[in-house]
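Working notes for the structure below.
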Amino acid sequence: MALDNREPNSSESSGNENVPVATLSDHQLIEATKKGDEAAFAEIVNRYRNPLTNFLYRMLNDYEEAVDLAQETFVRVYFAIERYHTDYAFSTYIYRIASNLAISEIRKRKRRKLLSLTGFFSFEGEEVDFHPPDKKPLADLELLESEEKTVIARAIATLPDKYRAPIILRDIEGKSYDEIAQILELGLGTTKSRISRARGLLKEKLKHYFDFE
Amino acid sequence: MNNETLKNNLGEREVLSADEQKISHLIGSLEKVSAPNDFDFRLKARIANAVKKDFQPSIWQTLRYILPLTATAIVAGFIMIQAGLFSPNPAGNDFAAGNNDQPPSVNQQFLPANADIARTSNSNVFENINIGKKPEPAISEANPKNAVAVKNQVEKKQNSTPKNFSEDEPLMSRDSAVRQNKKPIFPVGLNPDNAPPQLFENNNNTVSAQEIFKIIGLETETKAGKIIVKSVKEKSLAEKSNVKVGDVVEAIDEQRLDQETLSPKFKGGKSITVTRDNKVLEIELKPN
């Protein structure tokens with residue numbers, strides 16, 4: 001696969017001579033990839049590598065792991081390219097793969113945990129991770145903001161996986177409810193319900209750090 | 001990403017509480033991370049490795065198909081063996097079980113139904129020839145004439161001159177309980193004309209001493225009132241039992257012989273008593 005040998009911004013085998021690939025839609029790029037246009041696949045990678053890495057990072061709270069799973073997502077897309085059909089948007093398709101990989105990894109981590117305090121805490125019947133409040137005195141503002149982001153990131157990463165993916169897709173990736181429902185293969189009502197519950201869990205986790213009504 | 005941005009981008013009207021709005025804002029304020037600079041290079045290497053693996057099916061993928069087939073064949077073979085489809089001796093088993101449809105063995109086909117014959121063993125040959133009662137001819141009470149004819153036939157057979165067996169024929173145990181109305185059955189290969197004489201000479205199921213001598217392979221002569229062994233047939237029972245020429249036969253089964261006529265009758269012969277070099281020896285007749 002010549003991601004760096006060919007002209008990166010033109011597509012030949014798609015039938016459009018020297019058409020900039022950046023102007024092609026996702027489906028056009030997929031069709032070009034099926035015909036053997038490696039530049040088209042390179043453009044797909046270019047479009048989705050950052051959003052996927054960010055999404056996976058928020059899911060796992062581990063950068064290296066997020067990069068690894070992002071690459072695994074593209075590998076699976078590449079080898080299943082012949083089976084892809086255009087019933088759904090390509091972004092839905094690729095986020096679904098990434099979401100499933102992330103959830104599998106989360107469940108592997110849970111099995112590897114030797115001791116967890118999760119069982120001692122529950123919110124509305126759901127198990128939540130234990131986060132003792134940080135009672136250290138306030139420090140520099142920048143450091144404070146950094147700590148806040150760290151706390152928020154950790155709070156998101158400790159949500160149950162069925163709530164974590166919807167809230168990230170919604171409030172970080174900016175996906176619509178419909179798209180989130182298609183990615184996660186849920187009903188629309190279930191999707192909204194889970195996003196709402198995820199916000200409630202985050203509120204409970206962050207109440208010691210932020211003021212809520 | 002605040003709620004207003006969300007609505008503008010997505011065209012959705014989402015009514016959130018103040019807390020939900022704040023949470024959404026906090027989450028949206030997180031910095032977005034990017035893929036590393038070598039992401040494309042590492043992805044290319046990863047795809048190349050995956051392509052290479054596709055053309056090299058692992059041994060486990062091969063075994064995944066072979067092992068179940070092998071296990072199935074082993075189990076099927078075991079079941080078939082247990083079901084007796086590969087039984088090594090179906091004919092013999094069937095006959096032993098009493099299935100008369102199967103062809104009998106060579107020895108058994110010469111046995112009459114009421115034969116009381118033990119298996120050949122190392123014991124005395126005469127023990128093996130268990131001389132039981134001769135079966136009475138099937139006399140029909142309803143037809144006395146048939147009964148007389150059958151009886152005459154039996155007596156005729158009994159009085160027939162026994163034929164000497166050939167000295168070349170090997171001595172073998174044989175069925176002595178022969179029906180009167182049945183021809184003697186001889187083993188395969190034995191010339192009926194050279195068949196050994198009938199053991200039954202009378203109705204008392206006894207054998208004369210002369211007959212015993214013949215059977216065990218002895219030829220005797222009488223001298224000065226003594227029964228002396230004149231010759232010992234080769235490979236005969238007498239030779240195997242170490243009877244020698246010149247032995248003086250004194251008794252059979254401890255019963256002294258009538259020196260003149262050898263008339264005593266015997267029901268068998270486990271041993272003979274001889275005198276050799278002025279020593280009395282009791283020789284046990286051993287077929288082997």
Side-chain angles (χ1 to χ4, degrees), chain A residues 1-4 8 38 41-42 45-46 48-58 63-64 66-68 70-72 74-76 78-79 145 148-149 151-153 155-156 167-168 170-179 192 195-196 198-203 206-207 209-213, chain B residues 1-69 71:
Chain A
M1 179 183 161
L3 288 174
D4 53 357
E38 296 180 354
F41 187 74
V45 174
N46 191 46
Y48 287 97
R49 61 183 179 185
N50 290 334
L52 282 183
T53 303
N54 183 62
F55 166 69
L56 291 167
Y57 174 65
R58 294 300 170 195
Y63 183 73
E64 285 300 322
V67 171
D68 182 66
Q71 291 186 342
E72 181 63 25
F74 284 111
V75 169
R76 295 194 180 197
Y78 181 82
F79 284 106
E145 288 181 356
E148 283 183 352
K149 293 185 187 306
V151 167
I152 295 169
I156 294 171
I167 193 67
I168 291 173
R170 177 64 180 170
D171 291 340
I172 297 179
E173 298 296 319
K175 301 289 183 185
S176 68
Y177 284 118
D178 286 334
E179 200 168 4
K192 290 183 178 178
I195 291 173
S196 175
R199 289 178 180 145
L201 285 173
L202 286 172
K203 177 184 171 183
L206 300 173
K207 65 182 179 183
Y209 302 92
F210 303 94
D211 296 326
F212 295 103
E213 294 181 6
Chain B
M1 185 181 298
N2 53 28
N3 196 32
E4 193 62 32
T5 307
L6 267 175
K7 281 200 299 187
N8 291 337
N9 290 345
L10 307 173
E12 288 178 323
R13 292 177 59 85
E14 190 173 17
V15 178
L16 299 176
S17 65
D19 287 343
E20 286 179 334
Q21 287 184 21
K22 188 168 185 178
I23 291 288
S24 181
H25 174 75
L26 287 172
I27 295 170
S29 66
L30 292 175
E31 289 179 6
K32 290 194 176 181
V33 297
S34 301
N37 293 332
D38 60 348
F39 185 91
D40 290 353
F41 175 77
R42 288 161 63 180
L43 177 60
K44 177 185 175 183
R46 198 160 176 163
I47 290 175
N49 284 337
V51 170
K52 189 178 178 183
K53 280 183 185 176
D54 282 346
F55 289 101
Q56 293 177 349
S58 67
I59 188 170
W60 291 113
Q61 289 178 344
T62 306
L63 287 176
R64 190 175 66 179
Y65 298 103
I66 294 177
L67 282 177
L69 289 174

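A, B, ... follow the sequence lines: proteins, then strands. Residue 1 opens every chain. What you are looking at is a predicted structure, and each value in this text was computed from that prediction instead of being measured.
Considering OG of S34(B) and OH of Y63(A), their distance stands at 7.0 Å, rounded to 0.5 Å. The distance from atom CG of L206(A) to atom CD1 of I23(B), rounded to the nearest 0.5 Å, is 5.0 Å.
Side-chain contact check for R170(A) versus I27(B): every heavy-atom pair is 4.5 Å or farther apart. Taking the side chain as every heavy atom from C-beta outward, R199(A) and L16(B) approach each other to under 4.5 Å. Counting heavy atoms from C-beta on, the side chains of S29(B) and K149(A) come closer than 4.5 Å. L30(B) is listed as a side-chain neighbour of I156(A), based on a closest heavy-atom distance under 4.5 Å.
Although no hydrogens or angles enter the test, the distance criterion places a donor-acceptor pair under 3.5 Å between the side chain of N50(A) and the main chain of A35(B). Here the side chain of R46(B) pairs no donor or acceptor atom with the backbone of F74(A) at under 3.5 angstrom.
Between N54(A) and E31(B), the closest heavy-atom pair is OD1-O, 3.9 Å. Considering every non-hydrogen atom in both F39(B) and R49(A), the closest pair reads CE2-CB, 3.7 Å. Heavy-atom minimum distance, F41(A) versus I47(B): CE2-CD1, 4.1 Å.
Of the two parts of F55(A), neither the backbone nor the side chain holds a non-hydrogen atom closer than 4.5 Å to a non-hydrogen atom of chain B. Neither the backbone nor the side chain of E179(A) comes within contact range of chain B, judged by heavy atoms closer than 4.5 Å. Interface remark: L202(A) contributes backbone and side-chain atoms alike to the contact with chain B (heavy atom separation under 4.5 Å).
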* To do: Check the pair R42(B) / V67(A) against side chain to side chain contact (heavy atoms under 4.5 Å, CB included), numbers first and verdict last.
  => CA-CA 10 Å; R42(B) 288 161 63 180; V67(A) 171; 3.9 Å; yes
